[in-house]
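Structure, as structure tokens:
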Amino acid sequence: MDHKLYIYNTLSRSKEKFEPLNPPFAGMYVCGPTVYSNPHLGHARVNTVFDILYRYLKHLGYKVRYVRNITDVGHLENEDLGEGEDRIAKKARQEELEPMEVVQKYMNAFHRNMRELNILDPDIEPRATGHIIEQQQLINRLLDKGLAYVSNGSVYFDVSRYNSSHNYGILSGRVLDELMNNTRELEGQDEKNNPYDFALWKKAGPKHIMKWPSPWSDGFPGWHLECSAMSMKYLGEPFDIHGGGMDLIFPHHECEIAQSTAALDKQPVRYWVHNNMITINGQKMARSLGNFITLDELWSGNHKLLQQAYDPMTIRFFILQAHYRSTIDFSNEALQAAEKGYNRLMEGIEKLDSLEAGGQSSGIDVDGLSSRCYEAMNDDLNTPVMISYLFEGVRSINSIADGRENIGREDLEKLRSLLNTMAFDILGLKKKEKPAGDTGLTGKLIEALLELRQKAKDNKDYDTSDRIRTQLNHLGITIKDTKDGTGWSL
RNA sequence: GGUCGGUUGGCCGAGUGGCUAGGCACCGGUCUGCAAAACCGGGUACAGCGGUUCGACUCCGCUACCGACCUCCA
């Protein structure tokens with residue numbers, strides 16, 4: 001595979017050339033959502049970021065297997081305070097639903113939102129509840145190695161034992177002694193040898209609904225376990241890429257590494273890739289902080305922080321205009337700027353269709369533009385820089401359309417192919433939708449009105465021509481007078 | 001408190017030891033009946049203080065402020 005894709009590996013804290021274990025195959029696992037409420041802007045970001053990686057790897061010619069899980073059990077809310085209520089179970093009680101109805105409802109919403117954002121489906125989307133056996137098998141491997149212990153029907157990972165021969169903290173940079181001092185004093189700790197030990201299996205309390213039989217107790221798997229079990233099952237031991245939000249580095253991914261390394265006697269993942277957070281007023285947007293905006297709210301504009309509705313493609317473009325390892329701060333101003341920029345880009349690309357080649361190219365270096373686009377992508381998926389090059393292309397297109405510059409036939413073909421590849425295949429943007437359904441009729445009606453307006457203009461009857469323009473504007477139709485006649489868009 | 005990261009023009013957001021990122025907004029111009037769109041041009045941005053250097057926004061140190069993680073989180 002001949003390419004120069006470098007990707008930042010959290011494990012080494014540096015950009016590394018991407019070289020999969022078994023080219024042309026590449027495996028990628030990304031932590032998916034816990035489905036107990038509606039997806040928000042943060043979900044849009046992770047999934048857009050890894051959608052870009054997925055698309056780009058495929059574009060480079062890899063046969064990618066992309067696995068993204070659905071967490072449909074597990075996470076305890078206030079676990080350590082002894083209340084021990086499963087988030088999904090809690091929601092089920094609140095909404096008077098069966099837990100699996102809650103799961104289905106929010107999983108459907110997640111899938112719909114992802115499709116709206118033009119995020120490609122993963123190749124495998126495993127669910128934690130469908131892999132209880134695999135998780136139990138993994139626990140057995142750890143028990144056999146003496147790196148886990150049973151306590152009161154629950155099973156815990158023995159972190160200090162593991163740390164004596166491995167490095168617990170290899171990913172997050174944490175030092176066990178410091179964790180010892182900084183881990184909060186929590187209830188229910190008496191079951192554990194050490195406060196930083198984490199659960200592999202939890203014995204279910206009397207009121208707990210979602211539970212499964214096991215050699216240790218009727219209970220349920222620990223959160224960290226599902227990702228280890230499912231990623232290795234579908235991608236191998238070890239595999240290439242593991243992704244997720246930066247907030248998962250500790251403890252989730254650190255624990256995954258510990259479990260899997262203990263079971264395998266080698267590191268489970270070669271490239272750990274993490275995207276940064278979306279902030280709002282400088283603070284992380286998170287469900288747990290209650291300062292999040294759901295995707296449906298963005299689409300509808302129905303949220304007190306939103307001045308207007310935003311199209312999914314605006315959100316996608318907004319996300320891609322920042323590098324994935326930087327935070328992005330949400331604001332209406334930033335979103336509106338993204339919306340306009342996205343429109344400009346799409347209109348430029350649309351103009352390519354009607355552009356005519358002629359003579360020698362001037363003011364544009366298509367090959368240079370192309371290689372710079374690839375350089376940007378290869379440099380740790382630098383989409384903002386790549387997009388800046390697309391805008392250079394747009395400026396050239398506009399100049400050519402204005403008759404200020406020329407483009408040769410071959411260059412025009414190359415430019416078309418380049419912009420379509422970059423904008424649609426790799427960035428996954430979508431063309432603006434043409435008026436749906438009655439396109440033909442609407443279009444013809446507008447054309448007819450524009451013809452009347454032209455006639456009025458020719459007669460210098462600007463009263464009439466302006467009235468037509470204003471009326472159409474009120475209907476959301478924009479009129480553009482150019483050298484080659486009048487165009488319109490919705 | 002510990003670990004890590006950030007501070008770029010009106011806003012968002014890249015990046016580099018010396019070469020115009022880009023988008024949005026704003027101002028001026030071209031075009032237009034007028035607008036819009038498009039194009040051209042414009043504003044001396046790199047938190048502060050020291051140091052290294054021929055030269056630093058970019059490297060080093062200190063200070064200030066902000067954030068993430070250390071509990072579930074994308």
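Numbered from 1 within each chain, the chains take letters A, B, ... in sequence-line order.
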Testing B/A74, B/A68, B/A37 for proximity to the side chain of A/Q283, the answer is B/A68
Distance between C1' atoms of B/A14 and B/A21 (Å, rounded): 6 Å
Worksheet item: Between A/K430 and A/D311, is there a side-chain N and carboxylate O pair less than 4.0 Å apart?
Response: no
The ring-ring contact (aromatic ring centres under 6.0 Å, His included) partner of A/H40 among A/F292, A/F330, A/Y106, A/F110 is A/F292
ask   = Does the pair A/K457/A/D481 count as a salt bridge with the N-to-O cut at 4.0 Å?
value = yes
**Study point:** Within 45° cone and under 6.0 Å: A/R174 NZ/CZ vs A/Y196 ring
**Key:** no
The single option from A/I209, A/T129, A/V102 that satisfies side-chain contact (heavy atoms from CB on, under 4.5 Å) with A/I88 is A/V102
From CG of A/D247 across to C1' of B/C72 the rounded distance in Å is 10 Å
Need one value for A/L248: base, sugar-phosphate or nothing, where a base atom within 4.0 Å counts as base even if backbone is also close, heavy atoms only. sugar-phosphate
note: A/H474, atom NE2; B/A36, atom C1'; distance rounded to Å ~ 14 Å
Please confirm whether the backbone N or O of A/D72 pairs with a side-chain atom of A/R127, one donor and one acceptor, at under 3.5 Å?
no
Exercise. At under 4.0 Å between heavy atoms, what does A/S326 touch on the DNA or RNA strands: base, sugar-phosphate, or nothing?
Worked result: sugar-phosphate
Quick note, A/R45 side chain, CB onward, closest among B/C72, B/A74, B/A35 is B/A74
Rounded to whole Å, the CZ-C1' distance (A/R404 to B/A38) equals 7 Å
A/Y168 atom OH is separated from B/U3 atom P, nearest whole Å, by 18 Å
**OP:** Name the nucleic acid region contacted by A/Q336, choosing base, sugar-phosphate or nothing; use a 4.0 angstrom heavy-atom cut-off, strictly under.
**Re:** nothing
Q: Describe the nucleic acid contact of A/H40 in one word from base, sugar-phosphate, nothing, applying a heavy-atom distance below 4.0 Å.
A: base
(request) Using the C1' atom as the reference point in each nucleotide, state the distance between B/G41 and B/A74 in Å, no decimals. (result) 44 Å
Polar atoms only, N or O, under 3.5 Å: list the protein pairs with nucleotides 17-23 of chain B and their distances.
{"unit_1": "B/G23", "atom_1": "OP1", "unit_2": "A/R344", "atom_2": "NH2", "d": "3.4"}

Residues A/K351 and A/A401: closest non-hydrogen pair is CD-CB, 4.1 Å
A/P251 has its side chain closest, among B/G67, B/A38, B/C70, to B/C70
Practice prompt. Determine the Euclidean distance between corresponding C1' atoms of B/C12 and B/G6; express it in Å to zero decimal places.
Written response: 16 Å
Span that lies between the P atom of B/U20 and that of B/C11, in whole angstrom: 24 Å
Whole-Å distance, A/E339 CD to B/A25 C1', equals 15 Å
Presence of salt bridge, A/E191 and A/K203, under 4.0 angstrom | no
Regarding A/A322, tell me which of base, sugar-phosphate or nothing describes its non-hydrogen contacts under 4.0 Å with the strands shown. sugar-phosphate
In whole angstroms, the gap separating P of B/U71 from OH of A/Y196 amounts to 14 Å
| query | Would you say the base of B/A35 and the side-chain of A/R469 have a donor-acceptor pair closer than 3.5 Å? | reply | yes
### Query
Under 4.0 Å between a side-chain N/O of A/N382 and OP1 or OP2 of B/G15, yes or no?
yes
Whole-Å distance, A/F318 CZ to B/C11 C1', equals 12 Å
Winner on side-chain proximity to A/R13, out of B/C34, B/A36, B/C4, is B/C4
Original post:
Reckon A/R174 touches a base, only the sugar-phosphate, or nothing at all at heavy-atom distances under 4.0 Å?
Top reply: base
query: Is any side-chain N or O of A/D466 under 3.5 Å from a base N or O of B/A35, one able to act as donor and the other as acceptor?
result: no
Discussion item. Does A/N398 reach a base, just sugar-phosphate, or nothing at all? Heavy atoms under 4.0 Å.
Written reply: sugar-phosphate
Parallel, tilted or perpendicular, judged at 30° and 60°: which one describes the rings of A/Y54 and A/Y66? tilted
Requested in this report: May I ask you to say what A/S331 touches in the nucleic acid, namely base, sugar-phosphate or nothing, with a heavy-atom cut-off under 4.0 Å?
Outcome: nothing
Assert: residue with more 5' nearest nucleotide on RNA chain B, out of A/Y324 and A/N281, is A/Y324
**OP:** Using a 4.0 Å heavy-atom cut-off across all strands, classify A/G245 as base, sugar-phosphate, or nothing.
**Re:** sugar-phosphate
Base, sugar-phosphate, or nothing for A/I278, non-hydrogen atoms under 4.0 angstrom? base
Note, RNA chain B 5' to 3' with Watson-Crick or G-U pairs under 3.5 Å encoded as ( ), [ ], | and . gives (((((((..(((.....[...))).(((((.......)))))....(((((..]....))))))))))))....
### Query
Is a salt bridge present between A/D458 and A/K455, judged by a nitrogen-to-oxygen distance below 4.0 Å?
no
| Short side-chain N/O contact to B/U71 OP1/OP2 from A/S288, under 4.0 Å | no
On a whole-Å scale, what distance lies between the C1' atoms belonging to B/U3 and B/C46?
28 Å
To the nearest angstrom, the CG-C1' distance between A/N167 and B/U3 comes to 14 Å
Q) If you look at every strand shown and take non-hydrogen atoms under 4.0 Å, does A/L345 touch a base, only sugar-phosphate, or nothing? A) nothing
Inter-nucleotide C1' distance (B/C31, B/C39), Å rounded
9 Å
Verify the contact: side-chain N or O of A/K284 to OP1 or OP2 of B/C69, cut-off strictly under 4.0 Å; return yes or no. yes
If I pick the P atom on B/A37 and the same atom on B/G23, what distance separates them, to the nearest angstrom? 15 Å
The answer to which of A/N47 and A/D402 contacts RNA chain B further toward the 5' end, by nearest nucleotide, is A/D402
Mutual orientation of the aromatic rings belonging to A/Y168 and A/Y162 [parallel < 30°, tilted 30-60°, perpendicular > 60°]: perpendicular
Exercise for the section: Could you tell me how the ring of A/H242 sits relative to the ring of A/H253: parallel (under 30°), tilted (30 to 60°) or perpendicular (over 60°)? Expected result: perpendicular
- Query: When all nucleic acid strands are considered with a 4.0 Å heavy-atom cut-off, which category describes A/M246: base, sugar-phosphate, or nothing?
  - Reply: nothing
- Query: Does CD belonging to A/E451 count more than 12 external heavy atoms closer than 6.0 Å?
  - Reply: no
**Prompt:** How far, in whole Å, is B/A64 from B/G48 if one measures between their C1' atoms?
**Reply:** 7 Å
